[in-house]
There are 2 protein chains.
Amino acid sequence: MQKKEISKAVINRLPRYYRYLGDLLEKDVVRISSKELSERMKVTASQIRQDLNNFGGFGQQGYGYNVEYLHSEIGKILGLDRKYHMIIIGAGNLGQALANYADFDKKGFFVKAIFDINPNLIGSQIRGIEVKSMDELEDYLISNKVDIAAITVPKTKAPGIASDLARLGVKGIWNFAPTDLNLPKDVTVENVHLIDSLMKLSYRLSEKDEE
Amino acid sequence: MQKKEISKAVINRLPRYYRYLGDLLEKDVVRISSKELSERMKVTASQIRQDLNNFGGFGQQGYGYNVEYLHSEIGKILGLDRKYHMIIIGAGNLGQALANYADFDKKGFFVKAIFDINPNLIGSQIRGIEVKSMDELEDYLISNKVDIAAITVPKTKAPGIASDLARLGVKGIWNFAPTDLNLPKDVTVENVHLIDSLMKLSYRLSEKDEE
DNA sequence: ATCGTCCTGTGATAAAATAAACAACAGTAT
DNA sequence: ATACTGTTGTTTATTTTATCACAGGACGAT
């Protein structure tokens, strides 16, 4: 159906549009033009219009866009109109931070279990979510359709665990380990490389220092 | 000195090159060609060569690149040859996770203090780093040159805190709050929007479902 | 109702990013 | 030595992305 390939750059911008529209919605803003939105978001109006028109015409000439409608439509595009069964592998600080982040629930991402190898953690609960042993992972994946697994384990263990997850049918991996995962192409990997992000910041700081 | 503007896309790739070269270094690989690196990293060899040549010729015809040298040079480009005084604002789970992440130290990012408003946390230590009261922040910034502040506070508080930090001379902000910060342009902001990342994953999962 | 203004959707244009191509040169084998 | 192979740095071509420009439709004022 959706014939034309949507560029990655467009997809990167969509969540940001969604966030801004959500903010406007909270402020009870009813309508907004691409021009006004562009000024707030520091992008060109043309880009907003063109990005949106990859998916259809959501606006109206002489009026602009209805904030609630556009927000909802972008949500649908992003797949936020469904629910995701999510698990977290690794109950370290980062894993716990993710488990505690209630905002994910609101967007349809439900963390149902956390897995770890640390006996001190196994059996405990984080925000009502049970920490299970890694030994239980396989059984869990067999009896539950897990959509997304967040990986927050050390770099060395990540590739092996990711392969296991892929083998057992997990199609979405949210990878926080500072390494790239090579998985079959039916598995979607989204990386969050914090150290890369910090290095980018460091680059830009150094660059400015040289001026 | 550095006349030509380096594109953002190039900067995004540098940390990844750096990571791969670090891995090769650990495996005692001495030399590598752009072709071999391109195969491992799933990019074109041409792109690697072109990216690197923005900064100078690090390789040798008929030989390739010396891994250690190239790693070190990219490190310099990224500003990893200096030390950064870093603080964390917000000692919640994410703040604690960052404080506990020892790898930052290795790259020259030293977390020296954490600030929070929670009286139960103030005075405690995380990996030897003291949690201080937000009331002490201003004094701390006056008596210490802070290079980078990581913001891990709720969305509503982030913009105000960021402005304070900017006013008090912090030039680098690592922002984990799910909102964009509008700061003077001498302040560099690097955003880590986890929810955006998750939405991108969700988009790609939904997209595949439709096939 | 009519006119003028506003603003979208989209086709044309410009700019930027990526990939391909290749000359030149170092290393290696014969 | 000499020729061959491999691989860079860089130029050129191609593709992709972003911006500009505008026709035409919708709204609101009069």
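Letters A, B, ... are given to chains in the order of the sequence lines, protein chains preceding strands, and every chain is numbered from 1. Keep in mind that what you see is a predicted model, and the values were worked out from it rather than measured.
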> Which residues pass the side-chain contact (heavy atoms from CB on, under 4.5 Å) test with B:Lys112, sequence neighbours left out?
Replying inline: B:His85, B:Phe110, B:Tyr140
> Taking atom P of D:dC20 as reference, at what distance in whole Å does atom CD1 of A:Ile48 sit?
Replying inline: 14 Å
>> If you go through the side-chain atoms of B:Ser46, does one of them form a donor-acceptor pair with the base of C:dA20 closer than 3.5 Å?
In response: yes
>> What is the separation between atom CG on A:Asn53 and atom P on C:dA12, rounded to the nearest whole Å?
In response: 16 Å
>> The criterion is side-chain contact (heavy atoms from CB on, under 4.5 Å); which residues satisfy it with B:Gln60, sequence neighbours excluded?
In response: B:Tyr63
Distances under 3.5 Å between nitrogen or oxygen atoms of protein and nucleotides 27-30 of chain D:
residue: D:dC27; atom: OP1; partner: A:Gln60; partner atom: NE2; Å: 3.3

>> From CD1 of A:Ile32 over to P of C:dC7, roughly how many Å is that when rounded to an integer?
In response: 11 Å
>> What I want to find out is whether B:Arg127 reaches B:Asp105 closely enough, with some N-O distance under 4.0 Å, to be called a salt bridge.
In response: yes
> Please give, in whole Å, the distance from D:dA18 C1' to A:Asn54 CG?
Replying inline: 12 Å
> Rounded to the nearest Å, what distance is computed from the CD atom of residue A:Glu36 to the C1' atom of nucleotide C:dC6?
Replying inline: 13 Å
> Would you say A:Tyr65 reaches C:dG9's phosphate, i.e. side-chain N/O to OP1/OP2 under 4.0 Å?
Replying inline: yes
> For A:Lys208, what residues pass the side-chain hydrogen bond (donor to acceptor under 3.5 Å, both in side chains) criterion, not counting sequence neighbours?
Replying inline: B:Thr188
> Counting only non-hydrogen atoms, which of residues 14-22 of chain B are less than 4.0 Å from DNA chain D?
Replying inline: none
Shorter than 3.5 Å, N or O on both sides, protein versus nucleotides 14-18 of chain C: list them out with atom names.
residue: C:dT18; atom: OP1; partner: B:Arg13; partner atom: NH1; Å: 3.2
residue: C:dT18; atom: OP2; partner: B:Arg13; partner atom: NH1; Å: 3.3
residue: C:dT18; atom: OP2; partner: B:Arg13; partner atom: NH2; Å: 3.0
residue: C:dT18; atom: O5'; partner: B:Gln47; partner atom: NE2; Å: 3.3

> Residues two or more places apart in sequence or in another chain: which of them pass side-chain contact (heavy atoms from CB on, under 4.5 Å) with B:Arg167?
Replying inline: B:Glu138, B:Asp164
> For B:Ser34 and D:dT8, is the shortest distance between a side-chain N/O and OP1 or OP2 below 4.0 Å?
Replying inline: yes
> In whole angstroms, how far is the P atom of D:dT8 from the CG atom of B:Leu70?
Replying inline: 10 Å
> Over how many whole Å does the gap from B:Phe58 atom CZ to D:dT8 atom P extend?
Replying inline: 14 Å
>> Please determine whether a side-chain nitrogen of the Lys or Arg among A:Asp103 and B:Lys155 lies less than 4.0 Å from a carboxylate oxygen of the Asp or Glu.
In response: no
> Among pairs that include at least one residue of residues 172-183 of chain A, which meet side-chain hydrogen bond (donor to acceptor under 3.5 Å, both in side chains), considering only residues two or more places apart or in two chains?
Replying inline: A:Trp174-B:Ser197, A:Asn175-A:Asn191, A:Asp180-A:His193, A:Asp180-B:Arg16, A:Asp180-B:Tyr20, A:Asn182-B:Lys42
Which donor-acceptor pairs under 3.5 Å do side chains of residues 71-78 of chain A form with protein atoms, sequence neighbours excluded?
residue: A:Glu73; atom: OE2; partner: A:Lys76; partner atom: NZ; Å: 3.1

> Residues two or more places apart in sequence or in another chain: which of them pass side-chain hydrogen bond (donor to acceptor under 3.5 Å, both in side chains) with A:Tyr101?
Replying inline: none
> What residues form a ring pair (Phe, Tyr, Trp, His ring centres under 6.0 Å) with B:Tyr17, not counting sequence neighbours?
Replying inline: none
> Given atom CD1 of A:Ile11 and atom C1' of D:dT17, what is their separation to the nearest angstrom?
Replying inline: 14 Å
> Excluding sequence neighbours, so at least two apart, what forms side-chain hydrogen bond (donor to acceptor under 3.5 Å, both in side chains) with B:Lys107?
Replying inline: none
